[in-house]
Amino acid sequence: MHILTLYQSISRWFLLLTIAVSLAACGGGSGGSGGSDDGSSAQDPTSSEADSSYSINVELRDLDTDELVANPNPEKPVSVQVTLKRDNGDPVASANVTVTTTLGVLTPKSGIVKTNDSGVASLELDVEGQEVGSAGEIVVAYENISTDQEPYLPLRFSVAEPSLQLGYLNSNKQFVPGNLEILTQNLSSKGSTPISVFVQGPNGDLYSKRMEVVFSSTCSLSQPAVATLDSPITTTEGKATSTYTAKGCEGQDSVTASLAAYPSISAKGQLYVMPPELGSIEFVSAEPKIISIRGSGGKETSTLYFKVLSKDDLPISGAKVNFSLATETGDASLVSNFGTTNSAGEVSVLVSSGTVAMPVRVIASVTVPDGKSISTVSDELVISVGIPDQNSFSVAASILNPGGDSYDGATSTITVRAGDFFNNSIPDGTAITFTTEYGRITGSCTTVDGNCSVDWTSQNPRKPASYKFLDDNGQMSSLRTIENTDCPVPGVPSRGAPCPVSLGQPYGARSSILAYALGQETFVDANSNGRFDTGEDFEDLPEAFLDHNEDGAFGNKGNAGSCYLDGCPEVAGDEDWSADLNNNQVYDQGNGIYNGVLCSDAAEAEGTCSKELVHVRGQVTVLLAGNQPYGIFRTVEGDYSYEPEIETSVGESSRLSFYLSDKYNGPLPLNTKIEIESDKCKVDPKTSAVGNTSAFFPTVLSITVNVPDDAKQGSEYVKVRVTVPAPEGSSGTSITSSWQFKCTIN
């Protein structure tokens with residue numbers, strides 16, 4: 001049954017009346033006739049105007065009812081009817097007319113149709129896919145007549161909204177426009193319900209064509225969304241169903257369904273979501289997790305976040321949360337004792353540090369409707385000194401002997417680990433500065449969880465900038481090698497062999513790396529009050545410096561604070577560099593008092609300490625090891641030889657040592673491989689490798705020679721093969737050298 005409202009009926013009659021009046025005023029439809037106002041049909045034969053001896057009328061009509069249509073809609077094609085008559089009113093039959101449109105599609109596509117005996121030609125216009133409100137024109141041409149030329153006019157139209165409605169079917173299966181079918185209108189705080197809508201077509205039946213329906217609600221469109229709706233949904237037999245799920249929405253929610261193609265065609269409904277029942281409170285985070293004691297110059301506050309949830313894990317807004325410190329020890333404080341949760345159920349409290357370094361926890365509690373309280377405790381917030389102290393500062397290298405004496409690009413990761421006086425992690429973002437003797441290093445990093453790392457890379461410089469000495473060849477050299485320095489151990493060849501002990505200063509291929517940061521000196525807290533007091537022992541630090549020759553003394557003779565005048569422990573410290581904290585251009589020793597933020601007020605007044613900071617520091621050495629191996633054997637008798645002979649009886653064993661180094665008499669690069677090959681004489685180990693080391697002397701491999709009971713007498717040469725790996729990431733090749741010793745079985 002076609003259901004029309006009173007409004008629709010009145011609208012349709014008004015439309016027909018308007019069309020009729022318009023047609024009467026212009027002679028019916030578009031186009032017109034060429035007669036003058038006084039009925040004369042005279043025409044200037046030289047005029048460029050179209051032949052006006054014909055009248056052309058164009059109308060849009062419903063394909064089913066043949067009723068006049070003012071404007072087509074995208075859901076249904078219309079008939080375009082062209083009536084062609086002579087000026088005297090006689091129809092023009094069997095005439096081909098050509099129809100064109102600026103919008104939509106004509107059928108037939110050519111637009112050419114023939115008039116019937118009544119002078120009428122018909123074809124179809126389809127504006128499917130065209131936007132509502134779009135304007136178009138239909139032009140008819142016959143012989144030399146075209147309705148886009150005077151005195152004719154084209155038929156102008158615009159795309160109308162289709163006569164579709166959204167609604168639901170009541171219990172009598174009658175269509176109720178404008179409303180949604182909501183199965184459950186009172187939902188729990190996390191409940192769901194299906195919501196359906198029906199599409200009614202122009203004839204009053206459910207619209208069978210598949211259409212997309214968009215569902216939304218006030219809560220689903222909020223930021224953040226506190227409800228969800230499946231959307232869009234494609235209709236099936238005129239019906240679309242979405243599922244509404246509450247996810248924090250509370251109270252009344254308005255739901256809207258509209259056609260995706262025609263948003264103004266819509267239906268609405270409402271439902272009610274019950275408020276959530278308070279269920280729990282949880283700790284979320286502390287930002288930052290470490291803060292500094294008051295007056296230390298670091299960040300002294302941290303924000304702690306908590307979240308209140310319902311029993312079904314939805315956030316609860318507007319809940320009052322009370323805060324308190326879990327311990328009364330120390331003088332940390334809360335900026336506020338309570339707070340109210342936001343729409344996400346979150347609430348925060350600000351904690352301010354005191355003058356005591358200690359861990360702090362905050363208790364957050366909320367009262368449920370029955371009057372009981374539920375609580376949670378935050379994770380530990382650390383109130384630290386906020387800056388590193390000297391004995392909690394260490395520097396390490398991932399690879400101590402990366403190589404790089406003869407090539408660029410060998411790398412090692414340098415890591416600083418720093419703690420405060422209580423050996424707690426220092427706050428994130430503490431700046432650490434680095435400098436290196438040789439190669440290149442990233443200049444700084446900032447700590448995360450008390451650590452930070454930078455990369456050291458081999459490149460120039462690889463030797464002192466100006467320091468020279470007279471070597472044992474009588475030449476001026478920068479570094480000692482096994483080719484320019486006599487080994488002090490008797491029996492070792494004077495040149496070209498590893499020396500069992502250090503060759504002395506200046507060491508070759510050793511790069512000192514200094515890391516330093518602002519911090520405080522270390523003291524012994526005898527009375528455990530967390531403060532330096534007069535009379536307590538402390539480490540009085542001099543200024544930090546890069547110790548080129550690794551003797552522990554600042555030896556740059558160009559600086560007034562150098563050990564040069566009094567005598568330095570070792571030579572070759574001429575290029576030591578000082579991190580001049582006070583910018584006085586003099587290397588300063590300790591000032592005789594404790595320096596650090598833990599200086600007590602009483603001790604500061606007595607002049608035995610100061611809250612001024614110093615550089616805490618650490619140094620590590622990496623080897624720019626050479627990649628050319630040098631080796632020599634040492635027998636158990638203490639003889640050194642490049643090719644010794646070992647005599648062993650059947651069933652017995654013997655030993656010898658193999659010394660292996662680079663030209664600087666230090667270890668070869670990490671993972672240099674040592675392989676021993678034998679047949680009759682069984683050796684142990686058969687393989688070995690250079691470890692991670694920055695030793696001052698060669699690698700020593702102890703070789704055991706075992707002769708089994710069934711071995712035959714005779715001799716063989718046991719080969720020792722050393723392979724230095726190619727530089728990582730380079731196109732170079734490994735370097736292999738071999739040595740041997742004679743093994744004789746008696």
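Counting from 1, the numbers follow the sequence of the chain as shown. Just so you know, these numbers come straight off a predicted model, no measurement behind them.
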Original post:
Taking Thr442 for the side chain and Ser444 for the main chain, is one N or O donor matched with an acceptor at less than 3.5 Å?
Top reply: no

Original post:
Between Asp62 and Lys76, does at least one N-O distance fall below 4.0 Å, as a salt bridge requires?
Top reply: yes

**OP:** Assess whether side chain to side chain contact (heavy atoms under 4.5 Å, CB included) is satisfied between Leu164 and Asn73, documenting all intermediate values.
**Re:** CA-CA 10 Å; Leu164 302 177; Asn73 71 71; over 6 Å; no

**OP:** Using the side chain to side chain contact (heavy atoms under 4.5 Å, CB included) rule, take Thr236 and Arg210 through it: C-alpha gap first, then chi angles, then the decisive distance, then the call.
**Re:** CA-CA 6 Å; Thr236 301; Arg210 294 171 68 84; 3.7 Å; yes

Original post:
Are the side chain of Ser188 and the backbone of Met274 linked by a donor-acceptor contact shorter than 3.5 Å?
Top reply: no

Subject >> Separation of Ser79 OG from Asp66 CG (nearest 0.5 Å) >> reply: 7.0 Å

Original post:
Would you call Pro276 and Glu250 a side-chain contact if the rule is heavy atoms closer than 4.5 Å?
Top reply: yes

Subject >> Donor-acceptor under 3.5 Å (Ser146 side chain, Gln149 main chain) >> reply: no

Original post:
So do the side chains of Val366 and Thr341 get within less than 4.5 Å of each other, counting heavy atoms only?
Top reply: no

Subject >> Check: Ser458 side chain, Ala410 main-chain N or O, donor-acceptor pair, under 3.5 Å >> reply: yes

Original post:
Out of Ser258, Pro232, Ser231, Ser220, which one pairs with Phe215 under the side chain to side chain contact (heavy atoms under 4.5 Å, CB included) rule?
Top reply: Ser231

Subject >> Glu277 CD: over 12 foreign heavy atoms closer than 6.0 Å >> reply: no

Original post:
Hey, does Thr256 have a side-chain heavy atom less than 4.5 Å from the side chain of Lys268?
Top reply: yes

Subject >> Aromatic ring pairing Tyr142/Tyr54, orientation class (parallel under 30°, perpendicular over 60°, tilted between) >> reply: perpendicular

**OP:** Would you indicate whether the side-chain heavy atoms of Leu60 and Pro72 approach each other to under 4.5 Å?
**Re:** yes

Original post:
With distance as the sole criterion, is a donor-acceptor pair present between the side chains of Asn88 and Asp90 under 3.5 Å?
Top reply: yes

Subject >> Val97 side chain near Ile112 side chain, heavy-atom distance below 4.5 Å >> reply: no

Subject >> Side-chain donor/acceptor of Thr115 to backbone N/O of Ser94, under 3.5 Å >> reply: yes

Subject >> Under the salt bridge (Lys or Arg N to Asp or Glu O under 4.0 Å) test, residues paired with Lys289 that sit two or more places apart >> reply: none

Original post:
So do the side chains of Leu166 and Tyr262 get within less than 4.5 Å of each other, counting heavy atoms only?
Top reply: no

Original post:
Do other residues, nucleotides or ligands put more than 12 heavy atoms under 6.0 Å from Phe338 CZ?
Top reply: no

